[in-house]
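Since this is a predicted model, take the numbers as computed values, not measurements. We number each residue from 1, following the sequence as shown.
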Amino acid sequence: MLRLPAVAGRFYPSNPAELIAIVDHFTKTESNVEKVAVKACLLPHAGYVYSGAVAGAVFSRMVLPRKVLILGVRHFPRGEPAAILLSGAWRTPLGDAPIDEPLARVLLSACPLLHEDSVAHSQEHSLEVQLPFLQVLAPQFTFVPVALGTLRFEDLVSVGEAVGQVLADSREEILLLTTSDLNHYEDDATTRMKDRRAIERLLALDARGLYDTCRNERISMCGLGPAVAMITALRRLEASHAELVRYATSADVSGDTSGVVGYAGMVFR
């Protein structure tokens, strides 16, 4: 299956030269910044004009392996609640990013909740916007796309346990790339306060605490499901260090503080 771009020209440039230039801009670092190997990262998935600087700060911190498992959110109600694609490629203006079929099939076998489904992925931007960064920074990469629409805690833990087991058993380095924006459409001060509470639970690698905090305090973290699954996997991988690389809200770009979205970029080792 060839999955065609759904948000090129809206979330990021459709012109290849412009797209490479903006990725280079967002990932430009000082020469003395040391890149580190990480088990997982959390990245935003809004349009690059708003979240590109946060995503770029994280990408520029990491040593990128050649295999990436992307946990994204399913924003639209169509398709399976836990959807994977097993073969083919995703096209962006920079070319085709191939799916890692062997890794995808191992994960499907390990996680009964996952089902192959192209519908859930067809218009979903949360995974797509990560690919140009990877195409520029790790041109030979392969990836596995997983979109989660479920918010049942037990299901998210089940997915996370399967992901953690697959990554732990692999002889190759695999990056677990998870995508989420944080609180949506409240004023800047409220969003920063709510986001701080969610980030505290992420830094503590506390899946249950993150889930309960977001639900009880009405923090509209759209990638809550992928984040819970990621933390569960990281527990299996014996991760011990979490770092907030960069945080921003849309107000930092637009100047409009009345209805903002929060963005966090994090790495986990």
Side-chain angles (χ1 to χ4, degrees), residues 11 26 38-62 71-76 124-127 129-130 148-153 155-157 160 176-235 239-269:
F11 279 57
F26 285 136
V38 304
K39 292 180 169 66
C41 62
L42 182 76
L43 295 168
H45 53 238
Y48 284 11
V49 66
Y50 292 108
S51 68
V54 174
V58 176
F59 275 113
S60 64
R61 283 276 286 142
M62 298 187 294
L71 289 180
V73 63
R74 193 197 68 186
H75 284 88
F76 305 103
E124 180 49 56
H125 66 271
S126 67
L127 294 91
V129 298
Q130 315 304 327
L148 297 179
T150 178
L151 271 181
R152 292 186 67 250
F153 183 76
D155 291 347
L156 300 171
V157 168
L176 177 56
L177 189 162
T178 304
T179 83
S180 181
D181 295 337
L182 299 183
N183 196 58
H184 285 58
Y185 309 136
E186 295 188 84
D187 66 87
D188 193 65
T190 300
T191 288
R192 289 177 185 273
M193 176 187 65
K194 287 189 173 184
D195 287 351
R196 184 170 61 251
R197 292 171 181 166
I199 289 168
E200 286 172 354
R201 295 301 92 214
L202 285 159
L203 290 170
L205 297 174
D206 181 3
R208 182 83 239 188
L210 176 66
Y211 184 87
D212 290 344
T213 296
C214 287
R215 298 302 288 265
N216 294 339
E217 302 196 27
R218 298 182 180 180
I219 302 171
S220 51
M221 180 178 177
C222 60
L224 174 59
V228 167
M230 175 193 69
I231 294 172
T232 304
L234 285 169
R235 288 290 189 181
S240 59
H241 177 79
E243 176 187 348
L244 176 64
V245 176
R246 186 161 180 169
Y247 173 80
T249 74
S250 56
D252 293 327
V253 174
S254 69
D256 181 359
T257 61
S258 61
V260 307
V261 181
Y263 312 113
M266 305 180 69
V267 294
F268 304 85
R269 291 184 272 167

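- Asn183 and Ser220 share a side-chain donor-acceptor pair at under 3.5 Å.
- Met230 has its side chain within reach of Leu202: a pair of non-hydrogen atoms, C-beta onward, lies under 4.5 Å apart.
- Among all heavy-atom pairs drawn from Gly223 and Ser180, the shortest one is N-OG, 2.9 Å.
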TODO: Could you please spell out the steps behind the side chain to side chain contact (heavy atoms under 4.5 Å, CB included) verdict for Leu148 and Val73?
DONE: CA-CA 5 Å; Leu148 297 179; Val73 63; over 6 Å; no
TODO: Decide side chain to side chain contact (heavy atoms under 4.5 Å, CB included) for Ser60 and Phe26; before the verdict, give the C-alpha distance in whole Å, the side-chain angles of both, and the deciding distance to 0.1 Å.
DONE: CA-CA 8 Å; Ser60 64; Phe26 285 136; over 6 Å; no
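- The closest side-chain heavy-atom distance from Leu210 to Ile231 is below 4.5 Å.
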Task: side chain to side chain contact (heavy atoms under 4.5 Å, CB included) between Leu203 and Met266, intermediate numbers included - done: CA-CA 9 Å; Leu203 290 170; Met266 305 180 69; 3.4 Å; yes
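- Annotation: side chain of Phe153 is in contact with side chain of Val228 (closest heavy-atom distance under 4.5 Å).
- The two residues Gly259 and Ser250 come nearest to each other via the heavy atoms O-OG, 4.4 Å.
- Rounded to the nearest 0.5 Å, atoms CG (Asp181) and OG (Ser126) are 9.0 Å apart.
- Legend: residues meeting salt bridge (charged side-chain N to carboxylate O under 4.0 Å, His left out) with Arg246, ordered by chain and number and at least two apart, are absent.
- A heavy-atom distance below 4.5 Å is found between the side chains of Met62 and Val267.
- Side-chain contact check for Thr257 and Asp188: no donor-acceptor pair (N or O, by modelled atom type) lies under 3.5 Å.
- You'll find the side chain of Val261 reaches within 4.5 Å of the side chain of Tyr185, heavy atoms only.
- When every heavy atom of Ala57 is checked against every heavy atom of Val245, the shortest pair comes out as O-CG1, 3.7 Å.
- Smallest separation of non-hydrogen atoms from Thr150 and Arg152: OG1-N, 3.2 Å.
- In this structure, Thr249 contributes its side chain and Gly262 its backbone to no donor-acceptor pair below 3.5 Å.
- In terms of heavy atoms, Pro44 sits closest to Ala264 at CD-O, 3.7 Å.
- A distance-only check finds no donor-acceptor pair linking the side chain of Arg201 to the backbone of Thr213 [under 3.5 Å].
- Separation of atoms CG (Asp195) and NE2 (His184) is listed at 10.0 Å; rounding is to 0.5 Å.
- Counting heavy atoms from C-beta on, the side chains of Gln130 and Phe59 come closer than 4.5 Å.
- With sequence neighbours left out, His75 forms a ring-ring contact (aromatic ring centres under 6.0 Å, His included) with His45, His125.
- Of all the heavy atoms in Lys39 and Ala239, the pair that sits closest is CD-CB, 4.0 Å.
- From Leu177, atom CG reaches atom CG of Leu127 across 8.5 Å, with rounding to the nearest 0.5 Å.
- Listed by first and then second residue, the side chain to side chain donor-acceptor pair (under 3.5 Å) pairs involving residues 46-56 amount to none (not counting sequence neighbours).
- Residues meeting the salt bridge (charged side-chain N to carboxylate O under 4.0 Å, His left out) test with Asp252, sequence neighbours left out: Arg192.
- Every residue two or more places apart in sequence or in another chain that forms a salt bridge (charged side-chain N to carboxylate O under 4.0 Å, His left out) with Lys194 is listed here: Glu186.
- A search for ring-ring contact (aromatic ring centres under 6.0 Å, His included) contacts involving Tyr247 returns nothing, not counting sequence neighbours.
- A distance of 8.0 Å separates CG in Leu43 from OG1 in Thr179, rounded to the nearest 0.5 Å.
- Separating the CD atom in Glu243 from the CG atom in Leu42 is a distance of 13.0 Å, to the nearest 0.5 Å.
- Two residues are said to be in side-chain contact when any heavy atoms from C-beta on lie closer than 4.5 Å; Ser258 and Asp187 fail this criterion.
- Judged purely by atom type and a 3.5 angstrom limit, Glu217 has no side-chain atom pairing as donor or acceptor with the backbone of Ile219.
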- [ ] For side chain to side chain contact (heavy atoms under 4.5 Å, CB included), just list the numbers for Leu224 and Leu151, CA-CA rounded to whole Å, side-chain angles, deciding distance to a tenth of an Å, and then say yes or no.
- [x] CA-CA 8 Å; Leu224 174 59; Leu151 271 181; 4.1 Å; yes
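- Once rounded to the nearest 0.5 Å, the distance linking CE of Met221 with SG of Cys214 reads 5.5 Å.
- For the pair Phe268/His241, no side-chain contact is recorded, criterion being any heavy-atom separation below 4.5 Å from C-beta on.
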